[in-house]
Amino acid sequence: MINIKLPDGAVRSFGDPISIHNVAKNISTSLAKNTISGIVNGEYKDASFIIEEDCELKIITIKDGEALDIIRHSTAHLLAMAVKELYPDIQVTIGPVIEHGFYYDFSCEKPFIDADLALIEKKMHELAKQNIAVNRKEMSRDDAIKYFASINEKYKVEIISSIPSDNTISLYEQGDFVDLCRGPHVPNTSFLKAFKLMKLAGAYWRGDATNEMLQRIYGTAWLNQADLDNYINMLIEAEKRDHRKIAKQLSLFHLQDEAPGMVFWHPNGWQLWQIIEQYIREMYIKHGYLEVRTPQLVDRVLWERSGHWDKFRNDMFSIETDDRQYAIKPMNCPCHVQIFKQGLTSYRQLPIRLAEFGSCHRNEASGALHGIMRTRNFTQDDGHIFCTEDQIQMEVMNFIDMLFEVYAKFGLTQIAVKLSTRPKERIGSDDIWDKAEQSLANALNEKKLAFEIMQGEGAFYGPKIEFEVKDCIGRSWTTGSVQLDFSMPVRLGAEYVSEDGSKKHPVMLHRAICGSLERFIGILIEHHAGKFPLWLAPVQVSILNISEKQAKYAMEVQKHLHDMGYRCKIDTSNEKIGYKIRHWTLQKVPFLLIIGDNEMANQSVTIRRLDGVDLGVFKVTDVHKTFIGEVP
RNA sequence: GCCCAAGUAGCUCAGUCGGUAGAGCACUCCCUUGGUAAGGGAGAGGUCGCCAGUUCAAUUCUGGUCGUGGGCACCA
């Protein structure tokens with residue numbers, strides 16, 4: 001007798017081993033019809049899985065969220081099957097589930113073109129409708145290798161060959177198409193309805209640039225058509241808030257061919273920049289940082305000493321003049337160390353926190369450039385803390401507090417935290433790395449922050465904590481980071497006099513909150529969709545007169561607001577009020593002041609908020625009170 | 001750097017199956033002085049990314065190149 005306990009606590013008993021599908025059937029025919037798979041004692045299994053002993057079972061149907069990944073994975077297989085039917089010579093590689101969908105990488109002589117996507121998608125729908133059964137088979141590793149070799153799928157052979165030889169391999173078969181897979185999958189292709197192929201891309205085999213470039217097809221798949229439609233609409237909406245698009249509309253900045261990856265800031269964008277920079281500067285003061293400024297060009301020897309030349313020389317811009325070779329600084333740290341090294345520093349002075357709005361140049365790979373998110377010239381809100389080992393944890397914790405204070409001010413709340421550990425190529429002993437990684441983890445735990453460990457992703461001189469924010473279509477960008485560095489002070493000879501009079505090397509913390517100001521502004525543009533809060537808005541108020549008669553009065557109002565410290569523009573153009581309101585609303589100015597004969601007669605203005613709400617008539621001397629609560 | 005796609009007016013885009021291009025908005029001028037998201041008229045504006053090749057003729061075809069977009073790789 002097999003007893004199967006269901007999520008509601010009910011137990012069903014069966015005399016013989018029974019498939020999940022048949023358990024569902026035993027409950028109701030309609031349940032069986034919708035069953036995609038099951039979770040047996042916490043493990044995902046196919047609907048065809050035969051239960052042989054007592055267990056807990058959750059049946060997953062088309063309505064359960066758990067079904068989503070299975071559907072996506074099965075859709076990836078459907079994609080591969082369609083591709084094989086259309087282009088038998090193409091080799092399949094891997095096709096995992098990703099956020100919102102899946103991809104599948106193919107190896108082919110001739111890359112796909114956009115037109116192929118529609119063709120392939122059509123084929124997928126045809127196959128899905130044929131209600132093709134998806135069956136699991138098991139094979140020994142060696143038989144699996146023989147099998148895939150026999151059908152000439154060399155990538156599959158390569159994958160299986162890396163699995164230990166005593167393992168059993170599971171394969172999934174649908175029609176003539178067989179793929180190596182752990183599963184589970186939908187019972188048949190008719191469950192796959194709401195999907196769409198999204199885009200083509202190149203991708204290296206096993207993510208290694210020295211390998212062959214494969215052809216990747218990205219797709220999205222959902223439980224139902226409504227979810228798919230929602231997702232597509234979300235993407236359309238997200239596209240509207242792309243920082244590059246809004247920057248054009250609001251004239252914030254532009255980029256042009258002659259300066260790839262370098263930004264021309266327009267008056268509005270530069271205003272925004274200045275506000276942010278000034279705010280960060282105030283935070284420096286509040287948190288005990290000293291602001292400095294260091295050279296743009298520094299002799300190559302300093303970069304050799306720091307170790308950067310060795311690792312990054314190809315990505316550095318350099319200049320040769322008077323028989324000396326300089327690099328345009330790709331980072332500020334070695335320069336800050338030079339400032340630390342001036343004079344003799346006592347342990348009593350530590351920690352010393354130096355900060356700079358440091359403009360750096362890196363010759364990033366052409367394909368890496370992305371609007372102002374990834375540029376060749378960027379400005380870091382860079383800071384370096386020189387401290388003793390005992391002070392590390394406290395400094396890291398204080399930094400984390402400062403970072404979250406800043407992000408909250410900008411309205412950024414969805415922050416992913418990652419701890420990156422020692423990479424393959426690194427300097428410094430394992431002892432030091434152990435200590436460094438541990439102290440960062442301690443600080444995070446102390447702050448009760450959930451974080452993900454990124455194995456091997458640390459900088460070559462030390463581990464780091466990274467803070468990531470997402471852009472409007474879900475791409476993650478690193479903004480803040482704090483990196484621990486025991487090496488650079490040694491390499492560059494930074495020392496302090498310790499309590500016992502001996503000289504010691506300080507520990508160095510590299511830290512940034514915005515990361516790159518360019519990137520941070522890009523994120524802010526998308527986060528606010530260009531509708532900045534009052535304190536950030538490049539233009540806070542626009543003054544609009546109804547007709548020429550009130551032009552002079554409008555200018556008086558403008559002067560009053562200027563004197564109060566507001567950034568305001570006046571529009572006395574020969575246009576109707578409706579036109580002006582439309583114009584300045586599209587410019588996303590937080591407040592519009594409307595002035596006609598009525599307002600002029602009693603020294604007042606009518607205030608219209610960006611969202612269209614008419615706030616009513618206010619005395620000119622009271623206008624600023626309306627802005628209170630919006631942080632002037 | 002690699003794979004794919006598209007570079008046309010300030011912006012968003014159409015177009016030329018090879019005969020030097022068009023719309024809307026924006027801009028300039030005129031009329032209109034109008035009360036909460038586009039009043040009307042006229043005008044100006046383009047070496048069709050750049051360099052070659054084929055051709056009587058190239059914005060259109062071919063090759064290269066530069067920058068951009070989507071991915072991959074990279075990200076001190």
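So you know, we letter chains A, B, ... as the sequences are listed, proteins then strands, and number each from 1. Worth saying up front: this structure is predicted, and the values here are computed from it rather than measured.
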Assign each of A/Phe460 and A/Phe112 to its nearest nucleotide of RNA chain B by heavy atoms, then name whichever residue's nucleotide is nearer the 5' end. A/Phe112
Under the rule for salt bridge (Lys or Arg N to Asp or Glu O under 4.0 Å), what residues qualify as partners of A/Asp611, not counting sequence neighbours? A/Arg609
What residue pairs, at least two apart or across chains, pass salt bridge (charged side-chain N to carboxylate O under 4.0 Å, His left out) with a residue in residues 256-269 of chain A? none
Structure string for RNA chain B in dot-bracket form, Watson-Crick and G-U at under 3.5 Å, | interchain: (((((.(..((((.....[..)))).(((((.......))))).....(((((..]....)))))).)))))....
Pick the C1' atom in B/G39 and in B/A57, then give their distance to the nearest Å. 47 Å
How long is the line joining CD of A/Glu425 and C1' of B/C74, in whole Å? 13 Å
Side chains of A/Ser439 and A/Val396: closer than 4.5 Å at any heavy-atom pair? no
Is there a donor-acceptor contact under 3.5 Å linking the side chains of A/Tyr461 and A/Gln483? yes
I need the CD1-P distance between A/Ile372 and B/C75, as an integer number of Å. 23 Å
Salt bridge (Lys or Arg N to Asp or Glu O under 4.0 Å) partners for A/Lys84, two or more places apart: A/Glu153
What's the gap between B/A38 and B/C27 when it is taken at their P atoms, as a whole Å value? 16 Å
Polar side-chain contact A/Arg374-B/C74 base: donor and acceptor under 3.5 Å: yes
Would you give a per-nucleotide map of nucleotides 35-45 of chain B, 5' to 3', where B means the base has a protein non-hydrogen atom under 4.0 Å away, S means only the sugar-phosphate does, and - means neither? BBBBS------
Nearest-Å distance once atom P is located in both B/U55 and B/C13: 37 Å
Taking the same atom, C1', in B/C3 and in B/C74, what whole-Å distance lies between them? 16 Å
Short heteroatom pairs, N/O only, protein and nucleotides 12-15 of chain B, under 3.5 Å:
from, atom 1, to, atom 2, distance (Å)
B/U12, OP1, A/Lys248, NZ, 3.1

Sugar-phosphate, base or nothing in reach of A/Tyr103, heavy atoms under 4.0 Å: nothing
Any residue meeting side-chain hydrogen bond (donor to acceptor under 3.5 Å, both in side chains) with A/Gln325, in chain and number order, not counting sequence neighbours: A/Arg300
Give me the distance, rounded to whole Å, that separates B/U8 from B/C61 when you measure between the P atoms they each carry. 15 Å
Nearest-angstrom distance, C1' atom, B/G10 to B/G46: 11 Å
Let me know the distance between CD of A/Gln550 and P of B/U33, rounded to the nearest Å. 13 Å
In whole Å, what separates the C1' atom of B/A9 from that of B/C4? 29 Å
Residues in ring-ring contact (aromatic ring centres under 6.0 Å, His included) contact with A/Phe112, at least two apart in sequence or another chain: A/Tyr87, A/Phe106
A/Gln91 side-chain N/O to A/Lys154 backbone N/O, donor-acceptor pair under 3.5 Å: yes
A/Lys424 NZ - B/C74 P separation (whole Å): 10 Å
Taking only the C1' atom of each, what is the distance from B/C50 to B/C56 in whole angstrom? 25 Å
Using a strict 4.0 Å threshold on nitrogen-to-oxygen distance, state whether A/Arg206 and A/Asp105 make a salt bridge. no
Restricting both atoms to N or O, compile the protein contacts to nucleotides 65-72 of chain B shorter than 3.5 Å, with distance only.
from, atom 1, to, atom 2, distance (Å)
B/G67, O2', A/Asp257, OD1, 2.5
B/G69, OP1, A/Arg244, NH1, 3.1
B/G69, OP1, A/Gly371, N, 3.2
B/G70, OP1, A/Arg244, NH2, 2.8
B/G70, OP1, A/Arg475, NH1, 3.2
B/G70, OP1, A/Arg475, NH2, 3.4
B/G70, OP2, A/His370, ND1, 3.1
B/G71, OP1, A/Arg475, NH1, 3.3
B/G71, OP2, A/Arg475, NH1, 3.0
B/G71, O3', A/Tyr218, OH, 3.1
B/G71, O2', A/Tyr218, OH, 3.2
B/G71, N2, A/Gly202, O, 3.4
B/C72, O4', A/Gly202, O, 3.0
B/C72, O2', A/Tyr204, N, 2.9
B/C72, N4, A/Gly367, O, 3.4

Donor-acceptor pair, distance only, cut-off 3.5 Å: does the side chain of A/Glu356 make one with the backbone of A/Asp382? no
For A/Tyr289, the ring-ring contact (aromatic ring centres under 6.0 Å, His included) test, sequence neighbours excluded, returns A/Tyr284
What's the closest nucleotide to the side chain of A/Lys549 if the choices are B/A73, B/A76, B/G34? B/G34
Between A/His384 and A/Phe386, how do the two ring planes meet: parallel, tilted or perpendicular, split at 30° and 60°? tilted
Can you name the residues that form a ring-ring contact (aromatic ring centres under 6.0 Å, His included) with A/Trp584, not counting sequence neighbours? none
So A/Pro111, base contact, sugar-phosphate only, or nothing? Heavy-atom distance under 4.0 Å. sugar-phosphate
Sequence neighbours excluded, the answer for ring-ring contact (aromatic ring centres under 6.0 Å, His included) partners of A/Phe264 is A/His254
Atom OH of A/Tyr461 and atom C1' of B/C75 are separated, to the nearest Å, by 11 Å
Would you please classify the geometry between the A/Trp303 ring and the A/His308 ring as parallel, tilted or perpendicular, with 30° and 60° separating the classes? perpendicular
Length of the line joining A/Gln215:CD and B/A73:C1', which is rounded to integer Å: 15 Å
